Amino acid sequence: MPIDSPRSIVVLTGAGISAESGLGTFRDKDGIWTRYPLEDLATPEGFARNPEFVQQFYNDRRRQLRDARAHAGHEALTRLQKAHGAVTLVTQNVDNLHEQAGADDVVHMHGELAKSLCSNCGRRAMCDEDLHMDMTCPQCGSVGTLRPDVVWFGEIPYHMERIEDALSACDLFISIGTSGAVYPAAGFVQMARAVAAKTVELNLEPSENAYAFDDALYGSASTVVPDWVDRFLAKAV
Ligand code: OAD
Ligand code: ZN
């Protein structure tokens, strides 16, 4: 049955939407956190213990981004945003593939690899170079305070107020390529349900909170996302 013309849509994406662009996921077989210890590479404590090791990890990931290309799934979400208008596109991804596909106003709740942050003065700047601990912040002059502008475990995700406002006003919530293992994002489906929004999961396989969705389509993002978006825009889902 077609979804009754929703006015306001929230889309949440995770690593699965970028998997076919060559950027690894975290918890799948061969995922980043199965090869590297999360507590060493994605916590403030890990950074304090071995900052140059952590910088190197994110420098490598930033370099990987230069060759990564958005695919038909990212493009379909841009199409949805342009055709429908009221779409808040929230991503847990630190890559820039939604932007590469032409999306507007992407809400990066876990930050962005393409930005640096000074932990002393809070300056954020676009960054396409490697970061090292001997660098000086151009704003406050501190040495060794520049870090990737990504949110680590134990830190507060960005833009939460805006995301919660969008969720509390949405009538359709779509979760794409995320395992549902990391809060607060894993709780968004319940927030959408609380306001009686329809909920849809597009993923390679059922996520940890698959039970909470009204509808689901399983397969690779480059196929299922364009399929679903095109049917939605044709008012067939
Ligand atoms: P995960 O690695 O936890 O989950 C990726 C999801 O994508 C899984 O459910 C896969 O089944 C699915 N998937 C894999 N390949 C896919 C494909 N080609 N098409 C569609 N789906 C596919 O990644 P996230 O849920 O994004 O946070 O992880 C959430 C957060 O945990 C990340 O933002 C990151 C991580 O630690 C921080 O670093 C703070
Ligand atoms: Zn500074």
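No experiment lies behind these values; they were computed from the predicted model shown. Note that ligands are numbered from 1 as they come in the structure, with each ligand's atoms numbered from 1 the same way.
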Close N or O approach (F153, ligand 1; < 3.5 Å): no
For atom 28 (O) of ligand 1, the option (of R27, E201, Q92, H71) bearing the nearest heavy atom: R27
Over 12 non-hydrogen atoms of neighbours within 6.0 angstrom of OH in Y36: no
Connected via hydrophobic side-chain network under 4.5 Å: F26 and W152: yes
Metal site angle (apex the Zn ion (ligand 2)), SG from C118 and SG from C121, 10 degrees: 110°
Nearest protein heavy atom with distance in Å, relative to atom 6 (C) of ligand 1: G177 O, 3.5 Å
Donor-acceptor side-chain pairing of S8 and D171 below 3.5 angstrom: no
Atom 12 (C) of ligand 1: the protein heavy-atom neighbour that sits closest, reported with distance to 0.1 Å: N203 OD1, 3.4 Å
Atom 33 (O) of ligand 1 [closest protein heavy-atom partner, distance rounded to 0.1 Å]: H110 ND1, 2.8 Å
N59 and its side chain to side chain donor-acceptor pair (under 3.5 Å) partner, picked from R62, Q55, R61: R62
Member of V11, V189, L172 meeting the side-chain contact (heavy atoms from CB on, under 4.5 Å) criterion with V200: L172
Taking atom 14 (C) of ligand 1 as the reference point, the nearest protein heavy atom with its distance: D28 OD2, 3.4 Å
contact_flag W33 ligand 1 heavy-atom lt 4.0 Å: yes
N/O donor-acceptor pair under 3.5 Å between N203 side chain and T178 backbone: yes
Test item, S222 contacting ligand 1 (heavy atom, 4.0 angstrom): no
Pair T145, N120: side-chain N/O donor-acceptor within cut-off below 3.5 Å: no
Nearest option to atom 30 (C) of ligand 1, as decided by whichever heavy atom of V94, V182, V225 sits closest: V182
Heteroatom proximity flag, A221 to ligand 1, N/O under 3.5 Å: yes
L233 with V237, same ILVMFWY side-chain cluster at under 4.5 Å: yes
Any N/O pair I17/ligand 1 closer than 3.5 Å: no
